[in-house]
Amino acid sequence: MQHYSGFGLFKHSLSHHENWQRMWRTPTPKKVYDVVIVGGGGHGLATAYYLAKEHGITNVAVVEKGWLGGGNTARNTTIVRSNYLWDESAHLYEHAMKLWEGLSQDINYNVMFSQRGVYNLCHTLQDMRDSERRVSANRLNGVDGELLNGKQVAEEIPYLDCSKNTRYPIIGATVQRRGGVARHDAVAWGYARAADALGVDLIQQTEVTGFRKENGVCIGVETNKGFIGAKRVGVVTAGNSGHMAKLAGFRLPVESHPLQALVSEPIKPIIDSVIMSNAVHGYISQSDKGDLVIGAGIDSWIGYGQRGSYPVIEHTIQAIVEMFPVLSRVRMNRQWGGIVDTTPDACPIISKTPVPNMFFNCGWGTGGFKATPGSGNVFAASLAKGEMHPLAKPFSIDRFHNGALIDEHGAAAVAH
Amino acid sequence: MSQSNRLPNGGRIDRSKVLNFNFNGQTYQGFEGDTLAAALLANGVDIIGRSFKYSRPRGIFAAGSEEPNAVLQIGATEATQIPNVRATQQALYSGLVATSTNGWPSVNTDMMGILGKVGGKLMPPGFYYKTFMYPQSFWMTYEKYIRKAAGLGRSPTELDPDTYDNMNQHCDVLVVGAGPAGLAAALAAARSGARVIVADEQEEFGGSLLDSRESLDGKPAADWVATVVGELKGLPNVTLLPRATVNGYHDHNFLTIHERLTDHLGDRAPIGQVRQRMHRVRAKRVVLASGTHERPLVYGNNDVPGNMLAGAVSTYVRRYGVAPGKKLVLSTNNDYAYRVALDWLDAGLHVVAVADARHNPRGALVEEARAKGIRILTGSAVVEARGSKRVSAARVAAIDVKAHKVTSPGEWLDCDLVASSGGYSPIVHLASHLGGKPVWREDILGFVPGDAPQKRVCVGGVNGVYALGDSLADGFEGGVRAASEAGFKPVEGVLPKALSRVEEPTLALFQVPHEKGTARAPKQFVDLQNDVTAAAIELATREGFESVEHVKRYTALGFGTDQGKLGNVNGLAIAARSLNVSIPEMGTTMFRPNYTPVTFGAIAGRHCGHIFEPVRFTALHAWHVKNGAEFEDVGQWKRPWYFPKAGEDIHTAVRRECKAVRDSVGLLDASTLGKIDIQGPDAREFLNRIYTNAWTKLDVGKARYGLMCKEDGMVFDDGVTACIADNHFIMTTTTGGAARVLQWLEIYQQTEWPDLQVYFTSVTDHYATLTLSGPNSRKLLSEVTDIDLGREAFPFMTWKEGLVGGVPARVFRISFTGELSYEVNIQADYAMGVLEKIAEAGKPYNLTPYGTETMHVLRAEKGFIIVGQDTDGSMTPDDLNMGWCVGRTKPFSWIGQRGMNREDCVREDRKQLVGLKPIDPNKWLPEGAQLVFDPKQSIPMKMVGHVTSSYAANSLGYSFAMGVVKGGLKRMGERVFAPLADGSVIEAEIVSSVFFDPKGDQQNVE
Amino acid sequence: MTTANVYQQRPATEAKAESPLFHADLQNLIGKGRSNPGVVLREKKLLGHLTIRGNGHDPAFAAGVHKALGMELPGALALVSSGDSSIQWLGPDEWLLIVPTGEEFAVEQKLREALAGSHIAIVNVSGGQSLLELTGPKVREVLMKSTSYDVHPNNFPVGKAIGTVFAKSQLVIRRTGEETWELVIRRSFADYWWLWLQDASAEYGLGVAA
Amino acid sequence: MLHIFCPHCGELRSEEEFHVSGQAHIPRPLDPAPCTDEEWGDYMFFRDNPRGLHHELWIHAAGCRQYFNTTRDTVTYEILETYPIGTQPQFVNPAPAIRKGDQV
């Protein structure tokens, strides 16, 4: 792999950038691989990279129906944090956070991981209780977190309306200072390049149309370009997981919903961190290019169209203007939608399946991007050993039968 | 120098209305009817800004929404700043203040430009992915500087003085675009009687006809526009929306139109007027007449001021009477662009030459130009332009388009304006918002809308129909079709006659070749706003980015505020050539709303500030305000939180309120609790199924507490339900759960058990509920009621009807404080009068109003839960130590029963709700604090639960809490520890959650 | 066995009564503001509101209602009036009856008598609701700002009544005359509607009538 | 924004007036007690989640407060029909959700 550096860039500039190497090959699929990963998004590519790097398994193919990193990796609002409530989630996301912190150097690709801090605003007394509970749990789990009062919030976040005359006055916030944002495309490309360099075959424009089974055991994938054999198959297809499961002959406790996001026109820096509010329902950060990156809500119906309903956009913009009234004259440039695979407990599924040799990694809901390195890392270990990584074990499909849910949104679903 | 480029006559401007405006600190003049861009050009302003990445000087390039360069900051005051306004779309008004968004110290002498020249070489696409990585800790520092270069304009930092709103529209036919095709369509649809909306982004209707050389029925095309607009205006079924951009085409024919009502008048709306309005339109049929965008050609230094889109030159000359230069070189691959040379000539200006990439063009316009003596260089193109701050010359050379080679050294022509036309791209954005993939048409070298589920008709330019006469006919026919599909009788109409002429096909030329090859040639810009060059696109493909989305993302092609209107097809063509595939094989990127940017305020409409979301009040709110209450947000309600007296903080107020209730009597407004009237012969059976406990034996006149679970066995609401008559119950729910519970009842009744005869009706708003609580509540209430309150006559958990304060009431003897309590329900209209009477009668008893905080303390002392505070969606009734409230032998398997018996839900070491008593009675456990058994362990610690409710020492004399602890119910007397953020640890004993009056003696007071 | 508990909920005496918009002090706003306002608002307050539930497909039910009220049971989205009373379809098994102040108790008894033996429910919701009447040439514009329902006369003739989303909550819109509309609002939202309507009417002028 | 025909009101209304409650035709087991954990978990959590035709349960929350079913394409979002509770759809996916032989 051609090493990237400032000096390299300078050297290439002398030859008018005519001699850069390809970031990855376009290989012809082999007959059989040790591991076939279905889905060339961030999670799938990370899985391939860690299989090769940490487990020495390089006879690996990533099969992608479109282009690498073209699904939710390309469509999310790039927030990274690990301050989850429950131990199981916190440990998994913190594992990811630690990998984020050295990722650019590890894969020699600047993923622009920017630890600008992630704030979750509190508007009600119950928000404060829930926040104390979460921050307290984070701290004892080794995840950084602070609980701020209203005055501190006002000092730390300029232009945020912290006055008492808003509909839901801000009375505090949690902050994870190690949280932040990263450049989403770069994550996919960086992992792809690094995996390719270790020998992984990245097979784009190839759609999995079925799974071949022998005596009930998965032995490979059927694709629109032919059969590819595999000793193990890992399915990491986010919003399309339900469809993949159907092809494999089982159902998942997953529903795929549109999740929308939008950006403003690029403006000079005004929002320095990531600010989220569950009560008024919006979150915002600003990219290095100057776009305000704003997350909108999930449509409650199932949708694979990569678009949602307009009222979701309206409510989000209303929330942003409520939080930051000075942004009222800024203009929205573009909106889009992704397909999020949600589970009943808002936690992922990283699990064996009813089909031997077939593993699923899905159900990340809105948490997918931030988990990318951790998800790939534990999934790679699970695929390598044939046994689930300890951090992945609590996320088995079995929990939806025996009741051992890890209820991340249950914890926030408040009656009163 | 005043309006040096203004032509002596012509244009649709009012020369009698001179408008002063300010650009970059200098005052200029323009005329009413100008856009800001036209006025700047009229004044000879060449440099309008600096480019995003390389800081190269840039001038106005286009005349409409595709403008990439002239993106300015507008606003005379801080509060009225508007970032990123395209000068080409901003009407000039008196006092307009505009500034460039980049460039230091000024756009004319920019220091960053020097850096751009040197550093430009170091900034190929994706350079930041390849560097700034080492050392790891330095990224945040690098990024600080990268962010300094971010953005175009800036947000205001003061509050917006303007208002915006939304308007919901419905129509039979929405016509998008009021050019020739759109107007013809509108006419056809409107005459059929359909409800029609016509929207166009420009200041006035007419589109291309406003600057057209063509005539209709022998008269200027603009005359026809005036006639049609006149007719449409007179029809009551037609709504005309100029200055209104259809920005999004959403599912089921829902579209959004962004109307700018006052932006042409000033940077803030006149008092009392709305600045911008979003129309939310549901259209039975849509006629898309969005027209085309001209493509520029891609050649060396095609970004230097003085390079323009060909059609824009005609627009400035004919519509605004402005000549954006003196000596024109036109580079084209099609016939239609020749009109630009003819317009230029008509304006008395000098056409240096026309370079036509085609070898033997013989179209009518070409011949007209030839006849007028214009020099035409065929088989040639402008290969590069020269000039630093303004074009000074252009090199025209012979090219071999197929081989992508320059075949002659060419000739440097002196000029100050290079206009280029690379053909026309139908504006397929709206047609593609729902994912319909555009289809490439080789005959017109453009993408036209592909199939899509929405009910729409594409007419005119967007449909690939370009000639004026054809476009009018296509539009009219489309209008007829749309109206008849919407259920209206088609009409016939006579369309004006347009001249038809021979037009020859456009040649497929996108990027003009250069001798040096793309990587080494002078920069050939594809996306001017994002400084994306042809070389960058080639590099991306070389590095393995083969999908169009990859190329876009790696190079930032089309990511600007113009969303690639100008450059995307050229970029595709360059990538396709580089990858040796065809343009349709390459495909387009996704089109998404918005077509052009939309103000946040306009999207938000009036849903901001004091009407952001509803605030719900009880009938007694005014009384609470009068009595000094502080309020707490509970769902949408404002509930009194506590009633501080002068000098009191929350703690002293709550202590006083608690004491009053425990010692005498307090008053709580409980009106926010959800109340559901349940009637029907199967009401009782329904309750059996929906609650965890049994209801079969509840007699008329009695009330019972119940828990509701979801199918998973987790508690989700609770409350008291009273039997009012045999088939009639009143259910109460939590305040926040009211709507949720009603829907819960309905979904089971309507979908699972439609055979059960029972109806549910919300009476939450109908009744106001006054709670009197405390040992003196009976005495007080007896002074204002005719109900026999005697202990035997009116026992605990029963209800009575009677007059309270002269008003009929249902009084429930239930208690959430542990004290003798009465909940008085009255028709809300009369509640205030009753309250005033009770308050008067309560004076001798020190009747004390209390809020939610005191209520929470008092109930916690009794160990009563609050769903949502002491539960979190993962607690079964057994986890709450409320097994007594579970009817395990009920015949019907009620909701939650099966769920709570799953393997994981019957574990003995689940987290269970217990009381917590800090060892130091003065220490307060923070609500939410996590608990551990061993405070000395290292991080990550093994957490065993958390504090759900906690209160400082109060009437009990010590602080206390409720919390969940793993296996807590079997750990009475054991210790838990809460390690806090400040490093301290609070130790607490696990105790029963009932701290006060465990035997319930308080109910028996006299 | 009593199937339902019905009682006179209004005080017999002249007790103090406060309608949902009492706090807005509309009385004092009458005749103030712009002359010839585009929208005039009137609270038709303290009327008797009854929710009637029953099987709309059962002829006996329709006949019983007719017998008790002298009004036909309206079908989907219809509003029927007689004198100062009106009955409106809310859903296939739900109607809203509005009667003059104080008549609701007697009417309910009459209805129950006429419908005895059927599975029905009648619920007095008078305290929780109010009627806002809007008249004037600009009412339609105000409604268009507030609801995504099509209020064009082609789609919304006089005598139609629909439940819909209005601003950020829900209510019932009834068209009772060419330029006259009624909103059935919930008490706890009354202040929100009042603020919303003032805001939405601002550019047309809002008047208040008694 | 979807435009949904309410079978009770007899009109097309904007999505804002409705709430969706997920997949339709999932009857509660008549006798939950003998269900295994697996069967109960399937009932509560496991859904078809199809790409293509989907039968789903909606309520006309702001209108007539009635539940009804729709058949909607989850890719194009087109609604093919709405029909009352207790009735069956006209439009169904050509292939059953899970082929028998594949059952594992």
Side-chain angles (χ1 to χ4, degrees), chain B residues 163 165-170 195 272-274 280 282 605-607 610-619 621-622 636-637 671-672 677 679-681 700 724-728 757-759 761-768 801 803 805-808 810 826-834 836, chain C residues 1-13 15-20 22-23 45-46 49 51 53-54 93-94 119-129 141 143-152 154-155 167-169 186-193 195-196 199-200 202-203:
Chain B
T163 58
D165 70 14
N166 299 161
M167 192 71 104
N168 294 283
Q169 303 273 11
H170 299 260
R195 281 162 73 188
Q273 288 188 42
V274 171
R280 309 163 88 239
R282 185 77 69 173
R606 299 304 302 131
H607 303 277
H610 69 301
I611 42 179
F612 169 65
E613 266 182 16
V615 186
R616 298 177 70 183
F617 298 108
T618 74
H621 188 75
Q636 290 177 316
W637 293 94
S671 306
T672 62
D677 178 286
Q679 297 182 31
V700 176
I724 300 292
D726 291 308
N727 294 345
H728 192 180
Q757 296 198 324
V758 57
Y759 288 118
T761 307
S762 169
V763 286
T764 305
D765 282 51
H766 173 66
Y767 289 112
E801 221 168 80
L803 292 176
V807 176
R810 278 192 188 133
I826 319 133
Q827 182 168 331
D829 304 315
Y830 303 98
M832 188 64 93
V834 173
E836 284 165 354
Chain C
M1 189 170 102
T2 54
T3 53
N5 173 295
V6 185
Y7 70 113
Q8 171 59 274
Q9 302 198 31
R10 274 188 216 271
T13 52
K16 177 172 178 172
E18 294 188 355
S19 73
F22 175 83
H23 70 286
K45 58 191 179 196
L46 301 173
H49 294 236
T51 296
R53 308 292 300 269
D93 61 1
E94 186 170 10
H119 165 46
I120 57 137
I122 302 168
V123 184
N124 183 349
V125 292
S126 311
Q129 295 186 170
E141 273 77 1
L143 297 177
M144 284 168 75
K145 286 187 182 186
S146 312
T147 177
S148 60
Y149 189 76
D150 184 4
V151 294
H152 189 278
N154 287 358
N155 185 63
K168 276 199 187 159
S169 191
R186 279 177 75 177
R187 166 179 281 275
S188 54
F189 290 88
D191 187 62
Y192 173 66
W193 298 129
L195 295 173
W196 178 267
D199 185 87
E203 63 181 301

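Every heavy atom of this structure was used, including side-chain atoms; hydrogens, water molecules and symmetry mates were not. In the text below, chain A, chain B and the rest are named by the order of the sequence lines, each starting its count at 1. These figures come from a predicted structure and were not determined experimentally.
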[atom1]/[X] to [atom2]/[Y] distance, rounded to the nearest 0.5 angstrom?
X: C:Asp191; Y: B:His610; atom1: CG; atom2: NE2; answer: 9.0 Å
X: B:Gln827; Y: C:Gln9; atom1: CD; atom2: CD; answer: 5.5 Å
X: B:Gln679; Y: C:Asn5; atom1: CD; atom2: CG; answer: 9.5 Å
X: B:Arg282; Y: C:Ser148; atom1: CZ; atom2: OG; answer: 7.5 Å
X: C:Arg187; Y: B:Thr764; atom1: CZ; atom2: OG1; answer: 13.0 Å
X: B:Gln636; Y: C:Phe189; atom1: CD; atom2: CZ; answer: 4.5 Å

Looking only at non-hydrogen atoms, find the nearest pair between [X] and [Y] and report the distance.
X: C:Ser169; Y: B:Pro614; answer: CB-CG, 4.2 Å
X: C:Gly127; Y: B:Ala828; answer: O-CB, 3.6 Å
X: B:Val763; Y: C:Val123; answer: CG1-CG1, 3.5 Å

Heavy-atom distances under 4.5 Å only: say whether [X] touches chain B with side chain, backbone, both or neither.
X: C:His119; value: both
X: C:Tyr149; value: backbone
X: C:Asp150; value: both
X: C:Asn154; value: side chain
X: C:Ala190; value: neither
X: C:Ala202; value: neither
X: C:Gln129; value: neither
X: C:Ser19; value: backbone

- Message: Out of B:Gly605, B:Gly833, B:Pro808, B:Ala831, return the one with the most heavy atom pairs under 4.5 angstrom to chain C.
- Response: B:Pro808
Closer than 3.5 angstrom, by distance alone: can the side chain of [X] be matched with the main-chain N or O of [Y] as a donor-acceptor pair?
X: C:Lys168; Y: B:Phe612; result: yes
X: B:Asp829; Y: C:Ala17; result: no
X: B:Asn168; Y: C:Met144; result: yes

- Message: I'd like to know which of C:Asn124, C:Leu46, C:Thr147 tops the heavy-atom pair count under 4.5 Å against chain B.
- Response: C:Asn124
- Message: Please rank C:Ala167, C:Ala200, C:Ser126 by heavy-atom pairs under 4.5 Å with chain B and give me the top one.
- Response: C:Ser126
Do the side chains of [Y] and [X] get nearer than 4.5 Å, heavy atoms only?
X: B:Ile611; Y: C:Tyr192; value: yes
X: C:Lys16; Y: B:Glu836; value: yes
X: B:Arg810; Y: C:Tyr7; value: yes
X: C:Asn155; Y: B:His170; value: no
X: B:Asn166; Y: C:Ser146; value: no
X: B:Ser762; Y: C:Arg186; value: yes
X: C:Arg10; Y: B:Tyr830; value: yes
X: C:His49; Y: B:His766; value: no

- Between C:Thr51 and B:Tyr759, does a side chain to side chain contact (heavy atoms under 4.5 Å, CB included) hold up when you go through it step by step? CA-CA 11 Å; C:Thr51 296; B:Tyr759 288 118; over 6 Å; no
Could you tell me which portion of [X] (side chain, backbone, both or neither) has an atom closer than 4.5 angstrom to a non-hydrogen atom of chain C?
X: B:Arg606; value: both
X: B:Glu613; value: both
X: B:Val758; value: backbone
X: B:Ala622; value: neither

- Message: Going by salt bridge (charged side-chain N to carboxylate O under 4.0 Å, His left out), name the residues that satisfy it together with C:Glu203, two or more places apart in sequence or in a different chain.
- Response: B:Arg277, C:Lys145
